[in-house]
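A note on names: the letters A, B, ... follow the listed sequences, proteins ahead of strands, and every chain is numbered from 1.
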Amino acid sequence: MKGKSTKPDSKYNPSETEPKWPSSAKASAGKQKYDPSLIESKWQKIWEEQELYKAIDFDKKPKFYVLIEFPYPSGAGLHVGHVRSWSAMDAYSRKKRMEGKNVLYPIGWDAFGLPAENYALRMHLHPSTIVPQNIAKFKKQCKSLGLSFDWSREINTTDPRYYKWTQWIFLKFFEKGLAYRADVPVNWCPSCKTNLADEEVLTDGTHERCGATTEKRMQKQWLLRITKYADRLLEDLKLVDYSQKIATQQINWIGRSEGTTIRFKIKDLRFKNKEIEVFTTRPDTLFGATFIVLAPEHPIVASLIKSKIKNQKSKIKEIEEYIQKTQSKTEQERIAEGQDPSAGSGQEKTGVDTGLTAINPVNNEEIPIWIADYVVMGYGTGVIMAVPAHDKRDFEFAKKYNLPIKPVISCPNKKFKGAYIGEGKIINSGEWNGLSVPKENIKVVDWLKKKGLGEREVYYHLRDWVFSRQHYWGEPIPVVFCANCAKNKISNIKGTDYAIVPVPEDQLPVELPYLEKYEPSGTGESPLANAKDWVNTQCPACGRKARRETDTMPNWAGSNWYFLRYLDPHNDKALAGRKKMEYFMPVDIYQGGFEHTTLHLLYSRFVYKFLYDIGVVPTREPYKKRRSHGVVLGPDGRKMSKSFGNIINPDDIINKFGADTLRIYEMFMGPFDQTIVWSEESVEGCFRFLKRVWELSLNKVSNRNTSVKLLSKLHRTIKKVSQDLENLKFNTAIACLMEFIKDWRSDKSDKEGLNGDDLKKFLLILAPFAPHITEELWQKLQNSELQQSIHIQSFPNHDPILLEKEEVIIAIQINGKLRDTLSISFDEIENQQTLKRIAKESQKIKKYLKNRKIKKVIYVKGRVINFVIV
RNA sequence: GCCGCGGUGGUGGAAUGGUAGACACGAGGGCCUUAAGAGCCCUUGUCCGUAAGGGCGUGAGAGUUCGACUCUCUCCCGCGGCACCA
């Protein structure tokens with residue numbers, strides 16, 4: 001198909017200011033076959049020269065910001081998954097533009113991070129060489145798709161002029177005490193040789209990118225205090241329109257849990273005055289608490305071992321052994337245990353008795369204190385009050401170690417043996433008896449508060465965000481460690497030999513030095529430590545010798561705020577101009593992968609909220625609306641991957657069918673938010689559709705009026721396409737366009753077919769989906785040489801009067817079952833009585849009505865007449 | 001275990017409580033062609049029937065309704081997320 005005809009754009013001269021449409025394209029109208037390779041690149045060039053898709057700062061038209069997740073430019077090139085999301089949002093953007101909006105649809109490159117580094121290592125090249133190459137490839141592919149990006153705003157996270165501001169944001173976090181260093185258990189990936197954020201580790205303990213099993217390690221890390229924003233990240237979901245699935249997942253991830261902290265006194269003298277604070281969401285079961293369980297990492301455990309309680313030596317030994325055992329358990333082992341379905345609610349629980357007892361504050365009962373690793377230090381207070389009668393895990397533990405089980409909530413099923421977790425009345429609980437829980441839980445909490453025994457408390461599942469990586473290819477963290485400043489107590493962090501001194505703003509960016517050898521060391525130290533000239537620096541505070549931080553930021557750092565940079569990509573005074581942010585923010589619709597819901601999406605909301613608090617950005621939330629798209633699987637139904645050999649390269653599809661077909665296909669193949677399996681045969685169907693559009697537009701158009709029937713269909717199509725596009729229902733919008741083509745082809749009422757003006761309307765509504773073919777046909781339709789692009793025309797409105805011109809088919813039912821249909825003109829739709837009479841006279845219906853009594857007749861306007869008979 | 005989303009022809013999928021299966025693919029038949037390809041036309045949920053026509057059909061079962069893929073309840077299955085989170 002390619003290269004058979006002479007190039008029609010040979011006469012096109014790009015140096016002329018006024019665009020000249022290729023005259024050869026017009027001359028051969030009617031005979032020319034649909035050949036995308038002859039038209040697509042031609043128009044791409046022209047659109048680019050005309051800067052057709054440029055968003056204007058402060059334009060009078062209302063702004064509309066459409067955002068897609070900017071890609072990591074991988075060596076593999078564009079994935080058909082990118083194409084799906086970007087083409088769909090391109091169609092959406094184009095429609096918004098045609099509706100008179102000042103649309104911002106930008107693109108950039110998220111090029112820092114592990115994938116780029118790993119790829120460069122594999123290719124034995126430097127990331128700084130690889131990245132520009134990959135970007136060039138991506139860019140070329142994007143352009144060959146005819147996406148209406150505003151290229152003048154292109155950004156790249158690895159550009160020092162960009163990451164200067166990524167570093168600047170970090171300094172602001174540091175300044176406000178929200179970036180801090182701490183010894184934390186980190187997820188270490190032995191394959192990538194770096195630590196990872198919790199969000200990057202999958203449930204089975206593997207790294208989401210490379211699949212290697214991660215290990216827990218203690219290491220000094222930078223953390224961002226996202227937990228401080230937990231409540232607002234949760235609360236402000238009310239301000240935005242995220243799809244249910246996304247909102248729910250964020251809510252679960254933040255994991256807010258309201259409960260009560262209750263203090264238990266330890267009875268042992270050595271722990272006199274020591275209290276254990278437990279967190280529970282079921283304070284109503286306090287009378288049923290029959291033991292206390294400490295997490296193995298709990299500080300009391302350590303002091304217990306130290307105290308060497310008299311006559312309890314053997315016990316101490318037992319405890320020490322247990323602690324050692326749990327610590328050596330890897331994450332993987334714990335999970336493996338949890339996957340045994342026969343083990344009740346989860347793992348086989350293990351624990352050890354401390355020999356200590358605590359006093360239940362409500363009834364002064366003495367209850368034993370145990371240590372068990374089913375209680376984790378990282379959540380709540382790291383201690384629980386165990387109520388085996390009403391908690392599955394406690395129940396299992398009590399059974400195993402023969403601890404008492406005391407029911408305090410009445411269970412409707414008297415024979416029930418196990419932990420009853422349902423609602424009921426409180427029993428065996430003194431003054432509380434008779435209260436219905438959870439309904440009257442609040443009374444219990446108030447009671448505890450009044451007596452000074454407990455306080456309301458909220459805990460979150462969300463943890464602070466581990467923000468440092470021991471890798472080369474990332475933004476350097478802009479701080480230095482200075483021994484001199486520590487000695488002189490200048491900005492020292494307690495208990496360290498080095499003061500952390502932030503690099504002053506005017507010295508940003510701290511540029512990433514060029515390193516020949518950048519492989520991860522595996523020792524937990526960043527390869528940047530080898531760049532001696534770079535590491536050894538002057539302290540910006542005291543001027544003495546100091547060391548730079550060698551850890552870099554995670555690959556999420558650059559994507560935290562990139563959508564702001566699009567608004568003002570060349571600003572060197574601020575991350576973006578305030579006025580521009582006020583004009584364009586918030587993002588009207590943000591479209592991206594579901595897998596980023598608790599990663600990038602949550603992170604960037606947090607960072608944005610912080611920027612809001614320090615007065616940098618103008619709105620509370622960055623994204624007004626968020627939607628996700630489904631994954632595109634290979635033809636074999638598996639995830640596309642090199643090892644399966646099932647990767648579809650968009651270039652191949654473009655070469656064979658053209659970009660318009662590829663775009664249409666990816667939008668048509670199924671609902672946007674659903675997973676889809678690639679099917680080459682179905683691609684051909686879309687190509688056929690465009691071919692028919694081409695043939696009909698050139699051959700079945702005249703100056704005569706379009707038949708009423710077809711005209712009515714056209715206007716219904718306009719309405720449907722407009723609505724569907726608005727609701728991101730791309731698949732049905734295209735189906736409807738196909739239907740129209742089918743009707744047009746089979747329209748026998750007038751051989752001349754469609755009137756030219758009506759064809760224009762059809763092309764206009766097809767244009768967002770298939771920009772090239774529609775532009776070509778649009779230009780062919782014009783009489784003069786110079787015409788404005790179809791893509792800056794107004795999106796047509798449907799004429800409600802024309803909608804009604806067609807005949808209406810009404811279903812006639814007997815007792816809700818279809819028995820006949822009735823074809824009437826639209827004018828008759830209101831004549832209920834007449835319609836019922838006609839329906840009754842139908843031969844088929846008569847048969848059913850014979851000798852039967854009509855109880856009721858229901859008429860649904862224009863849809864159904866239903867005879868209810870006995 | 002908890003939370004969320006689903007279950008419709010041979011396949012991808014359509015259906016504000018109102019004609020289930022739009023649109024597309026595939027398959028079968030025909031036309032065109034020396035042939036192949038492309039294109040065009042017809043058929044295509046299933047069962048009975050030559051046909052007209054009729055029965056059955058949206059994971060299973062019940063319910064609400066004149067009418068249920070759609071709403072309610074119970075259950076089964078699949079996918080995704082979280083998970084010894086107190």
Touch check for [X], heavy atoms < 4.0 angstrom, all strands: base, sugar-phosphate only, or nothing?
| X | answer |
| --- | --- |
| A/Val375 | base |
| A/Lys855 | nothing |
| A/Arg256 | nothing |
| A/Phe594 | sugar-phosphate |
| A/Tyr848 | sugar-phosphate |
| A/Ile809 | base |
| A/Lys729 | sugar-phosphate |
| A/Gly255 | nothing |

Ring-face cation of A/Lys245 near A/Phe594 (centre distance under 6.0 Å, axis angle within 45°):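 Yes; both conditions hold, so A/Lys245 lies above the ring face of A/Phe594.
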
Cation-pi geometry met for A/Lys713 and A/Phe740 (6.0 Å, 45°):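 Negative - A/Lys713 is either too far from the ring of A/Phe740 or too far off its axis.
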
Respond yes when some side-chain nitrogen or oxygen of [X] is under 4.0 Å from OP1 or OP2 of [N], and no when none is.
| X | N | value |
| --- | --- | --- |
| A/Lys245 | B/G4 | no |
| A/Lys742 | B/C23 | yes |
| A/Lys33 | B/A38 | no |
| A/Thr248 | B/G81 | no |
| A/Arg688 | B/A24 | no |
| A/Asn731 | B/A14 | yes |
| A/His461 | B/C82 | no |
| A/Lys392 | B/C84 | no |
| A/Lys720 | B/U16 | no |
| A/Arg692 | B/C40 | yes |
| A/Arg863 | B/U16 | no |

Nearest-Å distance, [atom1] ([X]) to [atom2] ([N])?
| X | N | atom1 | atom2 | result |
| --- | --- | --- | --- | --- |
| A/Asn699 | B/G39 | CG | P | 16 Å |
| A/Asp820 | B/G54 | CG | P | 9 Å |
| A/Asp391 | B/C2 | CG | P | 14 Å |
| A/Gln674 | B/G78 | CD | P | 18 Å |
| A/Lys847 | B/G54 | NZ | P | 5 Å |
| A/Phe397 | B/A86 | CZ | C1' | 14 Å |
| A/Lys656 | B/A38 | NZ | P | 11 Å |
| A/Trp253 | B/A83 | CH2 | C1' | 11 Å |

Which of these nucleotides, [options], is closest to any side-chain atom of [X]?
| X | options | answer |
| --- | --- | --- |
| A/Glu681 | B/C23, B/G26, B/G13 | B/G26 |
| A/Ala735 | B/G39, B/C25, B/A22 | B/A22 |
| A/Ile384 | B/A86, B/C84, B/A83 | B/A86 |
| A/Phe668 | B/A86, B/C66, B/A24 | B/A24 |
| A/Gln813 | B/G39, B/G18, B/G13 | B/G18 |
| A/Val864 | B/C66, B/A22, B/G18 | B/G18 |
| A/Arg819 | B/C84, B/G18, B/G55 | B/G55 |
| A/Thr821 | B/G39, B/C41, B/U19 | B/U19 |
| A/Thr732 | B/C66, B/A14, B/G4 | B/A14 |
| A/Asn866 | B/A86, B/C66, B/C23 | B/C66 |

Rounded distance (nearest 0.5 Å) linking atom NE2 of A/His390 with atom CZ of A/Phe395: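 Going from NE2 on A/His390 over to CZ on A/Phe395, the span is 11.0 Å.
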
Just checking, any donor-acceptor pair under 3.5 angstrom between side chains of [X] and [Y]?
| X | Y | answer |
| --- | --- | --- |
| A/Thr248 | A/Gln244 | yes |
| A/Tyr665 | A/Ser682 | no |
| A/Arg605 | A/Gln250 | yes |

Backbone of A/Glu277 reached by a side-chain donor or acceptor of A/Thr381 within 3.5 Å: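 At least one qualifying donor-acceptor pair exists.
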
Whom does [N] pair with, Watson-Crick or G-U wobble, provided both distances fall under 3.5 Å?
| N | answer |
| --- | --- |
| B/U50 | none |
| B/C79 | B/G4 |
| B/U74 | B/A60 |

For the [atom1] atoms, the ones on [N] and on [M], what distance do you get once it is rounded to whole angstrom?
| N | M | atom1 | result |
| --- | --- | --- | --- |
| B/G80 | B/U70 | P | 26 Å |
| B/G54 | B/G61 | P | 25 Å |
| B/G39 | B/A35 | C1' | 16 Å |
| B/U16 | B/C25 | C1' | 29 Å |
| B/U58 | B/U19 | P | 16 Å |

Glycosidic conformation of B/G78, taking syn as within 90° of 0 and anti otherwise: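 Base orientation relative to the sugar is anti.
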
Side-chain touch A/Val683/A/Leu662, heavy atoms, less than 4.5 angstrom: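 A/Val683 does not reach A/Leu662 side chain to side chain.
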
Suppose we call a contact any N or O donor and acceptor under 3.5 Å apart; does that hold for the side chain of [X] and the base of [N]?
| X | N | value |
| --- | --- | --- |
| A/Asn252 | B/C82 | no |
| A/Gln249 | B/G80 | no |
| A/Lys349 | B/C84 | yes |

Considering only distance and modelled atom types, tabulate donor-acceptor pairs under 3.5 Å from the side chains of residues 255-262 of chain A, sequence neighbours left out.
| unit_1 | atom_1 | unit_2 | atom_2 | d |
| --- | --- | --- | --- | --- |
| A/Arg256 | NH1 | A/Asp231 | OD1 | 2.7 |
| A/Arg256 | NH1 | A/Asp231 | OD2 | 3.3 |
| A/Arg256 | NH1 | A/Tyr460 | OH | 3.3 |
| A/Arg256 | NH2 | A/Glu258 | OE2 | 3.0 |
| A/Ser257 | OG | A/Tyr379 | OH | 3.2 |
| A/Glu258 | OE1 | A/Arg456 | NH2 | 2.7 |
| A/Thr261 | OG1 | A/Glu455 | O | 3.4 |

NZ (A/Lys399) with more than 12 external heavy atoms under 6.0 Å: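 No, NZ of A/Lys399 has 12 or fewer neighbouring heavy atoms, counting only those of other groups under 6.0 Å.
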
